[in-house]
Amino acid sequence: MAEPLQLSLVNFRKGAYIIVEGKQDADYFYIIRSGQVRLARETSVVDDEGGDILGPGDFFGVVATMSRHSHIETAQALTDVSLIAVHRDNYHLLIERNTPVALKIIEKFSRQMRHLDRKLSQLTLKHTIEEYDLEHLFRVGEYYVRQNQYSIAYYAYYQYLKYAPQGRNVEQAKARMEKIKPYARPVFLEPAEGLTRTYPKDTMIFCENMPGEELFVIQKGSVRITKIVNDREVLLAVLKPGDIFGEMALLENKPRSASAIAHEDCTLLVVNKANFERMVSTQPQLIAKLTTLLAERIWFLYKQLANTLLANPVARLYDGMLIHLEKLRVSIRDGSAYTFDFGPRELVNMVGLPQEKGLRAFQEILSSKFIRVLDDRIVVSDVAELEKQAKSYRKIERIERARKGVKTQDAF
Ligand code: CMP
């Protein structure tokens with residue numbers, strides 16, 4: 001019988017590469033005991049808080065390891081270093097033995113997500129980043145009234161009046177609420193006691209920019225996470241049973257970074273701050289799950305950001321398809337066929353290209369033999385070929401960037 005894996009100590013000599021960006025075998029992450037490590041990333045828009053030089057108590061490699069994806073950073077020992085290596089499967093041991101480090105990891109993840117999320121909206125949607133503005137609650141209400149989603153609109157107006165009683169649009173919000181009241185069925189306008197809550201389809205659980213002190217675990221049904229940006233609804237994710245959301249406001253004492261809406265009738269477990277702190281020690285598997293979810297989101301956001309740096313629209317589209325395959329863990333090795341559940345238009349939107357320019361670039365891709373469109377879905381007959389193309393475009397751009405010596409901020 002093999003020994004059960006433990007947290008182990010490892011040493012690296014000055015100059016050694018500990019992890020390498022793009023490498024697939026991310027099974028361990030590291031916490032520094034002594035010495036210094038330098039982190040480097042291909043995508044320069046993602047600055048790490050606290051800089052690139054890490055010291056004792058800092059950790060690295062967690063996103064890739066916990067999300068089971070390829071590494072998104074390179075770490076090199078600047079001095080001789082001693083590290084604690086944590087295998088993914090032993091993460092619960094870390095939570096049990098060193099709760100503060102586990103909390104530090106998820107808190108850092110939460111901040112990182114907020115940062116990446118905002119950066120991405122800025123780059124792809126040309127959306128100027130404003131601090132959390134309570135007037136936005138009113139704008140959310142206005143958007144959903146126009147969509148005839150009265151329960152959602154009513155909820156947003158209600159929160160607007162509650163949190164911005166002196167706001168610019170208070171009178172208008174009151175008038176709108178009066179008008180839509182007969183058609184609206186909002187639930188839990190005020191926080192309620194109780195461990196679980198049930199939300200009917202198309203009701204709002206919380207609205208972006210409002211304060212929030214609870215996180216939710218989906219027990220039944222599904223929830224969509226959305227934002228209203230430039231008067232359009234942007235879908236960030238559809239979450240399923242077992243998924244967790246609303247952790248960012250709870251961990252950072254900040255307003256909600258996005259809205260949560262019942263996508264189907266759903267039952268949610270509600271966790272407040274006091275319960276959360278108790279759960280950290282009594283339910284390590286929940287914290288492990290939260291870390292994994294955050295790691296997956298961060299990994300994807302990082303890849304999307306790296307995508308926006310590609311100057312050539314064809315490169316961006318190839319790369320966009322490849323990161324989707326990676327996200328869905330489609331096996332590339334066997335070179336089999338794959339049908340995406342989206343078409344060219346959605347792909348163009350996802351990578352943040354202007355429609356016309358993006359569709360023209362997609363035409364170019366269609367001239368290659370292994371990609372076509374069927375029933376408005378993109379069909380790839382050989383995923384290995386797609387990977388090859390995407391990687392070679394990435395490489396060309398990397399060389400080009402290095403040649404110009406630019407730290408590209410915006411590649412439009
Ligand atoms: P919070 O900011 O409290 O409220 C909105 C929640 O949506 C946020 O916590 C996360 O749980 C979740 N969320 C935010 N951005 C994303 C994203 N890009 N993908 C998936 N979930 C997200």
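Numbering of ligands and ligand atoms starts at 1, following listing order. Counting from 1, the numbers follow the sequence of the chain as shown.
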#### Entry: Under-4.0 Å salt bridge between Glu385 and Lys388
yes
#### Entry: Residues in the immediate environment of ligand 1 (any heavy atom closer than 4.0 angstrom)
Met113, Asp117, Phe206, Ile225, Leu236, Ala237, Phe245, Gly246, Glu247, Met248, Ala249, Arg256, Ser257, Ala258, Arg297
Under 3.5 Å, which donor-acceptor pairs do the side chains of residues 239-251 form with other protein atoms, sequence neighbours left out?
residue: Asp243; atom: OD2; partner: Lys240; partner atom: N; Å: 2.9
residue: Glu247; atom: OE2; partner: Arg297; partner atom: NH1; Å: 3.1

### Query
Cation over ring, Arg176 on Tyr143, under 6.0 Å and within 45°?
no
### Task
With sequence neighbours excluded, tell me which residues meet side-chain hydrogen bond (donor to acceptor under 3.5 Å, both in side chains) with Arg197.
Tyr199, Glu214
### Task
Test Glu356 against Arg360 for salt bridge (charged side-chain N to carboxylate O under 4.0 Å, His left out), laying out the working first.
CA-CA 6 Å; Glu356 211 180 303; Arg360 228 179 304 128; 3.7 Å; yes
### Query
Which pairs with one or both residues in residues 164-173 pass side-chain hydrogen bond (donor to acceptor under 3.5 Å, both in side chains), sequence neighbours excluded?
Glu135-Asn169
